[in-house]
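Notes follow the structure.
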Amino acid sequence: MRPMSFYRSKLEAIFLLAILFGLSAPAEVPAKKWNAQWQPVKLVNGSPVLFRVTAPLQFTELKGSFLGQEFSFRSSKACHCWYGFAGVSLTTKPGTYTLQVEGKDAGGKEAAMSYLVRVSAAHYPTSTIKVAPAFVEPPKELDPVIAAADAAKKQAFAATDPSPLWSGAFERPTDTETSGVFGSARVYNGKKKSQHLGLDFRASPGTPVHATNAGTVILARPLYFEGNCVMLDHGQGLLTVYMHLSEFKVKEGDRVAAGQLIALSGGTGRSTGPHLHFALRWRGEYLDPRTLLDLHPPGR
Ligand SMILES: [Zn+2]
């Protein structure tokens, strides 16, 4: 090697070294290999999943299939990767499952890859809850009220945008502490057993509740068990639900931005006291909202 002083500048030297070591010029995209990663790293039943894939071709579209659900990936310049949202239902048994990805480039050239993904068993706790008896065994005369609520929910669950409406990280709906975790087995008044399908936040009545991400308001009305309830559609079967509210700040059909005020918290419906119940629903399954808040999708 000639001494550094031989080169007119350090930059020139670095450039020459780059050529010697076979690096491509910065403007060119280096040839990539297939690679897949997921968050959380350890998957359990009840967990949402964020898959990140890098592919060897300049794909124009990338599709995935995992646990019987098909989903599409979005490309991100921030990570030079593709990312897609999927989930592991609560009823999924521990085991190894296949993630399949399939891409297509502008010329119609296709390529596919598969990965083995391990799913472990979650350990969800048990808790005992006391609520008004009418919320454990509702009286017969309330049948029409409950049926109407069920119909409204069914209609809301069926409405999802074919495109993703969310982007970036999912934010906490309130700034307060959590008080009840997802997946805990619940014994209501020593009788009825169910599983807690959301994340509870401590919230004195009137606490502002914010949209966790951008979406459309698909439901904003009182329901029997949920109380005043807001459901947001984030597209492609990804919904978030906010329950026991005291006041609505949005109406059905509204488009909301991430972090937008959507309601004030309360203690309406089947509630042990004022708090916010926050739920994540994906393709008809409730998944752990705690994990959703911990995901790191590429930036907005
Ligand atoms: Zn709850």
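For ligands, and for the atoms within them, numbers begin at 1 and follow the listed sequence. The basis for the numbers below is simple: all heavy atoms, side chains too, and nothing from hydrogens, waters or symmetry mates.
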Using 4.0 Å as the upper bound for N to carboxylate O, is an ion pair formed by [Y] and [X]?
{"X": "K63", "Y": "E70", "answer": "no"}
{"X": "D294", "Y": "R290", "answer": "yes"}
{"X": "E226", "Y": "K153", "answer": "yes"}

Exercise. Would H277 count as a contact for the Zn ion (ligand 1), in the sense that one of its N, O or S atoms lies under 2.8 Å from it?
Worked result: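 For H277, the answer is yes, given that an N, O or S atom comes within less than 2.8 Å of the Zn ion (ligand 1).
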
For this session: Answer yes or no for H275: is there an N/O/S atom below the 2.8 Å cut-off from the Zn ion (ligand 1)?
Result: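 Looking at H275, which is the residue asked about, there is no N, O or S atom under 2.8 Å from the Zn ion (ligand 1).
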
Problem set entry | Closest approach to the Zn ion (ligand 1) by D200, given as the N, O or S atom name |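 Of all N, O or S atoms belonging to D200, OD1 is the one nearest the Zn ion (ligand 1).
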
Problem set entry | Residue list, side chain to side chain contact (heavy atoms under 4.5 Å, CB included) with S114, at least two apart or on another chain |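 Checked S114 against side chain to side chain contact (heavy atoms under 4.5 Å, CB included); matches are T98, Q100.
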
